[in-house]
Amino acid sequence: IYIMVPFKESAVERKFLDFDKLIREKLLILREIIFEVANQNEEIGELTEALRWSQPSYIPKVTNSGTLIRLDKYYPKKDHFAIYFHCQTNLIWNFKKMFPQLNYAGNRAIFFSVNDKIPKSILKRCFYKAFTYKINKK
């Protein structure tokens, strides 16, 4: 899989290499979409990519515009992966109203099977909402 955005943190890159191949490929696609959203929206700006709770995590670096997004396996199901959002936000609640066709885990995550097609346009909207959460909350 082609990686457009190079890794700055070797620990994050190693974490991706630890994932099973199919999950890694899907999570790398999500990573590219995350950076695409940030690059296309000035109010988000540059992202910090780091490990938080041993998961690749993304948050606006300077703007303080939004909340953290984490990527990982979805542990209840072996061949699933998830996008984790801060559980004390109303993001998942809003996503459930906007995108009822997605699979949700409580108020914390959107999850997929490795066989699912990634809904890029929907996820771009979710990532944008997360990365501008603090702006839109005011």
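The side-chain heavy atoms of Y84 and F111, taken from C-beta on, include no pair separated by under 4.5 Å. Contact annotation: the side chain of P119 approaches that of L102 to within less than 4.5 Å [non-hydrogen atoms, C-beta and beyond]. Looking at heavy atoms from C-beta onward, K134 lies out of side-chain contact with S65 at the 4.5 angstrom threshold. Between P60 and L47, the closest side-chain pair of non-hydrogen atoms falls below 4.5 Å. At a threshold of 4.5 Å between non-hydrogen side-chain atoms, the residues F81 and L30 count as touching.
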Next on the checklist: E32 vs V5, test: side chain to side chain contact (heavy atoms under 4.5 Å, CB included). Steps then yes/no.
Outcome noted: CA-CA 7 Å; E32 292 296 323; V5 179; 3.8 Å; yes
Next on the checklist: side chain to side chain contact (heavy atoms under 4.5 Å, CB included) for H80 and K26? Distances and angles first, verdict last.
Outcome noted: CA-CA 10 Å; H80 285 62; K26 296 290 187 166; over 6 Å; no
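Partners of F85 according to the ring pair (Phe, Tyr, Trp, His ring centres under 6.0 Å) rule, which considers only residues two or more places apart in sequence or in another chain, are F95. Taking Y128 as the reference, nothing meets the ring pair (Phe, Tyr, Trp, His ring centres under 6.0 Å) condition, with sequence neighbours excluded. Looking at residues two or more places apart in sequence or on another chain, you find a salt bridge (Lys or Arg N to Asp or Glu O under 4.0 Å) between E36 and K120, K124. Residues forming a salt bridge (Lys or Arg N to Asp or Glu O under 4.0 Å) with K78 (at least two apart in sequence, or on another chain): none.
If you run side chain to side chain donor-acceptor pair (under 3.5 Å) between E49 and each of K8, K61, R31, only R31 comes through.
Side chain of R24 to backbone of L17: a donor-acceptor contact under 3.5 angstrom is found. Between the side chain of K15 and the backbone N or O of S54, at least one donor-acceptor pair lies under 3.5 Å. With hydrogens and angles disregarded, no donor-acceptor distance shorter than 3.5 Å links the side chain of N103 to the backbone of F112.
Transitive grouping of hydrophobic side chains (ILVMFWY, heavy atoms separated by less than 4.5 Å) brings L91 and I83 into a common cluster. Neither I23 nor Y74 shares a network with the other; the hydrophobic side chains, linked directly or stepwise wherever heavy atoms of I, L, V, M, F, W or Y lie under 4.5 Å apart, form separate groups for each. Transitive grouping of hydrophobic side chains (ILVMFWY, heavy atoms separated by less than 4.5 Å) keeps L51 and L68 in distinct clusters. Under a hydrophobic clustering in which Ile, Leu, Val, Met, Phe, Trp and Tyr are joined whenever their side-chain heavy atoms come within less than 4.5 Å, directly or via other members, I59 and V12 fall into different clusters.
Taking the six-membered ring where tryptophan is involved, the planes of F19 and F16 are perpendicular, since the angle between them exceeds 60° and thus also 30°. The aromatic rings of Y58 and F35 sit perpendicular, their planes meeting at an angle over 60°, well past the 30° parallel limit.
Atom CD of E25 sits about 11.0 Å away from atom CG of D20, to the nearest 0.5 Å. To the nearest 0.5 angstrom, L27 atom CG is 7.5 Å from D72 atom CG. The structure places CG of D79 at 9.0 Å from CG of D116, a figure rounded to the nearest 0.5 Å. Once rounded to the nearest 0.5 Å, the distance linking CZ of F99 with CD1 of I92 reads 11.0 Å. Note that the CZ atom of R125 and the NZ atom of K129 stand 7.0 Å from one another [nearest 0.5 Å]. In this structure, I34 CD1 and L28 CG are separated by 10.5 Å, a value rounded to the nearest 0.5 Å.
Nearest heavy atoms, I110 versus C126: CD1-SG, 4.1 Å.
Judged as a side chain to side chain donor-acceptor pair (under 3.5 Å), the pairs with a partner in residues 85-95 (not counting sequence neighbours) are, in order, N90-N94. Evaluation of the salt bridge (Lys or Arg N to Asp or Glu O under 4.0 Å) test over residues 80-99, restricted to residues two or more places apart or in two chains, returns none.
By the 6.0 Å contact criterion, CD on Q101 is enclosed, its count of non-hydrogen atoms from other residues, nucleotides or ligands being greater than 12.
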